[in-house]
Each structure stands twice: as structure tokens, then as C-alpha cells.
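Below: the structure, in C-alpha cells.
Model, not experiment: these values are computed from the prediction.
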Amino acid sequence: MARGSFEDYVARIRERQPFAFSRWGDGEWSCLLGHPGQNCDGHRYTPTLRRDLAAVLLDRPTYDLGLQGFAQRRFGPAIETWLTQRSLSFAWVDADVFTRPSLTGMLEPLLEALSRRVVILVGPQHLDALTLFPFTAHVIVPDKNCHEACDRVEREILIALAEAGAEPVIAFSAGMSANVLIHRLHTRDHDATAIDFGSLWEPYVGHVTRSYHQRVLDRARCN
């Protein structure tokens with residue numbers, strides 16, 4: 001079973017082996033590389049976000065970092081230059097490890113594993129409608145410019161963790177701030193399981209924000 005594979009992560013969740021996983025896609029790299037504007041969800045590339053994302057990588061995290069294939073294709077040489085200039089090197093895993101099973105209707109092992117754990121969901125309000133697995137707490141993040149609420153979200157996650165008690169999984173769908181929050185939590189508690197699911201759950205609550213989301217919905221309708 002390859003490290004960083006879908007099967008690997010499902011097994012770790014099922015067997016209660018703590019781990020952290022954050023995703024580094026074209027939005028994160030657009031911000032890190034100093035591009036202006038915002039990502040497709042309306043989160044701005046601010047100097048504060050750029051600083052905080054850079055601080056994560058400069059801390060040389062040893063947990064799983066997922067590099068998105070689209071980001072590699074779009075920014076590959078610039079990413080390599082940014083890392084090399086800072087003497088950084090990482091054993092990247094696939095950032096889209098959960099996306100592909102969603103596209104093919106093969107998420108069930110993940111959903112079954114999550115259903116057996118205490119889950120704290122960190123994401124926008126509309127994910128309240130998610131019914132794929134139960135969650136005991138939902139820490140709300142803003143729909144746009146999530147990083148402005150990063151400190152508040154962190155405090156509420158810590159409260160939810162204290163109340164959960166039983167080795168919870170923290171399921172992040174918190175935009176680019178997820179990378180910062182996961183790093184802060186992992187630094188504080190290496191036994192916390194923190195997973196960046198990105199926009200994986202959006203089509204399952206009727207939100208189409210990525211091209212692949214429509215493909216997920218089309219497949220579900222065919223079934």
C-alpha cells in the first residue's frame with residue numbers, strides 16, 4: 001500500500017493512526033508566488049496569507065503535503081525556483097487523492113471509515129447539509145476571505161477538540177487557510193488527525209464550484 005494513496009489514508013483513519021495532510025494547489029501557489037487577485041472561491045491573495053503559507057513551508061513540516069497536478073502544470077518551474085531559493089525539498093504526495101475516487105463513485109471506503117470516527121467538520125455554513133458521514137461539531141468558516149477569520153477558527157477548533165474527547169478526525173474544507181490551520185494544530189498536537197479535503201464535499205450539497213463537481217453530479221444522476 002503506497003504512502004499517500006487513497007487506500008493508505010482510509011486505513012490510517014480506520015486504524016486510528018494519527019496523521020496530517022494538507023493540499024497545495026494553484027491557489028496556494030498563486031499566493032505564494034506573489035500573484036494578485038483571488039482564487040476561484042473568492043479568497044484573496046493577501047500579504048498576510050502569503051506570509052502565513054510561506055511560514056508553514058519554511059517550518060519544514062514532516063507530515064503529508066499534497067501537490068496538485070494542475071499547480072505543477074501551471075507553475076512547475078516557478079515552484080521549483082521558490083523552493084530551491086529557500087533550500088526546501090519535500091516528498092510531495094498527490095493532492096487529488098480523494099478527488100479521483102469521488103469522480104468514479106468509489107468514496108465509500110472513506111465514508112465508512114469516517115462514519116466510525118468522531119469527526120469535527122471545518123468548513124462553510126452550507127456544509128451543514130452534508131449527510132455522507134456524521135460529524136459531532138461544525139466550525140464555520142467564511143465563504144470568502146477565510147483567512148481573515150483564521151485565528152477565530154483556530155480557537156473554535158481547539159474548543160471542539162476539547163469537547164470531542166475521543167481521537168477525533170478534523171475534516172477541513174477551509175480554503176487556503178486549511179494549510180495554516182493544519183500546521184498550527186499539528187505543531188500543537190502530533191496526535192491530531194487533520195485532513196484537508198478541499199472542495200471534495202461541495203457537489204454532495206449541491207454546490208458546483210469546480211469543473212469536476214459537475215462530473216460528480218452527472219455520475220450520481222446516472223446511478
Side-chain angles (χ1 to χ4, degrees), residues 1-9 12 18-103 122 141 144-148 150 170-188 190 192-200 202 209-213 215:
M1 186 186 306
R3 172 183 166 272
S5 67
F6 179 72
E7 294 77 14
D8 174 40
Y9 288 133
R12 287 198 245 176
F19 70 96
F21 166 77
S22 68
R23 304 174 69 254
W24 298 78
D26 65 307
E28 286 80 7
W29 284 107
S30 289
C31 186
L32 278 167
L33 296 171
H35 295 189
Q38 61 188 29
N39 73 357
C40 61
D41 295 317
H43 302 298
R44 291 193 302 268
Y45 305 141
T46 65
T48 300
L49 177 59
R50 185 176 305 121
R51 179 201 67 201
D52 289 350
L53 288 171
V56 171
L57 295 181
L58 289 170
D59 205 27
R60 292 171 167 77
T62 56
Y63 53 83
D64 290 356
L65 304 178
L67 182 59
Q68 184 191 47
F70 179 66
Q72 285 182 293
R73 294 190 296 274
R74 186 179 179 191
F75 299 128
I79 291 172
E80 284 301 315
T81 297
W82 192 93
L83 293 169
T84 300
Q85 288 175 343
R86 293 158 179 81
S87 301
L88 296 174
S89 178
F90 299 106
W92 298 100
V93 298
D94 181 11
D96 293 326
V97 64
F98 300 112
T99 303
R100 293 188 181 89
S102 181
L103 281 166
V122 182
V141 303
K144 297 183 184 298
N145 300 320
C146 180
H147 203 61
E148 294 176 5
C150 194
I170 312 165
F172 284 87
S173 293
M176 296 174 285
S177 293
N179 305 56
V180 177
L181 290 162
I182 287 170
H183 188 69
R184 290 181 183 178
L185 289 168
H186 185 76
T187 301
R188 179 188 293 266
H190 280 53
T193 294
I195 308 171
D196 186 357
F197 287 111
S199 63
L200 183 70
E202 295 291 314
T209 61
R210 308 288 194 282
S211 59
Y212 85 87
H213 289 167
R215 292 156 60 194

CD1-OG1 distance between Ile182 and Thr193, expressed to the nearest 0.5 angstrom: 11.0 Å
Partners passing salt bridge (Lys or Arg N to Asp or Glu O under 4.0 Å) against Arg100 (at least two apart in sequence or in another chain): Asp94
Asp52 side chain near Arg184 side chain, heavy-atom distance below 4.5 Å: yes
Minimum heavy-atom distance Ser173-Gly198, with the two atoms named: OG-O, 2.8 Å
Verdict with supporting geometry, Phe197 and Thr99, side-chain contact (heavy atoms from CB on, under 4.5 Å): CA-CA 9 Å; Phe197 287 111; Thr99 303; over 6 Å; no
Closest contact, heavy atoms only, Leu57 versus Leu88: O-CD2, 3.6 Å
Leu33 CG to Trp82 CH2 distance, which is reported to the nearest 0.5 Å: 8.5 Å
Point-to-point distance, once rounded to the nearest 0.5 Å, from SG of Cys31 to CE of Met176: 6.0 Å
Phe21-Tyr9 aromatic ring centre distance below 6.0 Å: yes
Heavy-atom check, side chain of Ile195 versus side chain of Phe172, under 4.5 Å: no
Straight-line distance of Asp96 CG to Ser102 OG, nearest 0.5 Å: 11.0 Å
Enclosure of Arg188 CZ (heavy-atom neighbours >12, cutoff 6.0 Å): no
Parallel, tilted or perpendicular: rings of Tyr63 and His183 (30°, 60°): tilted
Tyr45 to Pro36 - nearest heavy-atom pair and separation: CD1-O, 3.5 Å
Minimum heavy-atom distance between Asn39 and Gly27, given as atom pair plus value: CB-CA, 4.5 Å
Ring centres under 6.0 angstrom apart (His186, Phe19): no
Asp8 side chain reached by Val97 side chain, heavy atoms, under 4.5 Å: no
Within-4.5 Å side-chain heavy-atom neighbours: Cys150 and Val180: yes
Residue pair Ser87 / Arg60: nearest heavy atoms and the distance that separates them: O-NH2, 3.1 Å
Trp24 versus Ser22, side-chain donor and acceptor atoms under 3.5 Å: yes
Leu49 backbone acceptor or donor facing Thr46 side chain under 3.5 Å: yes
Gln68 CD to Arg73 CZ distance, which is reported to the nearest 0.5 Å: 7.5 Å
Nearest-0.5 Å distance, CG of residue Asn179 to CG of residue Leu53: 6.0 Å
Arg74 vs Ser30 side-chain heavy atoms within contact, under 4.5 Å: yes
Residues Arg44, Glu148: salt bridge by 4.0 Å N-O rule: yes
Shortest non-hydrogen contact from His147 toward Ser177: ND1-OG, 2.7 Å
Ion pair check, Asp196 and Arg23, cut-off under 4.0 Å: no
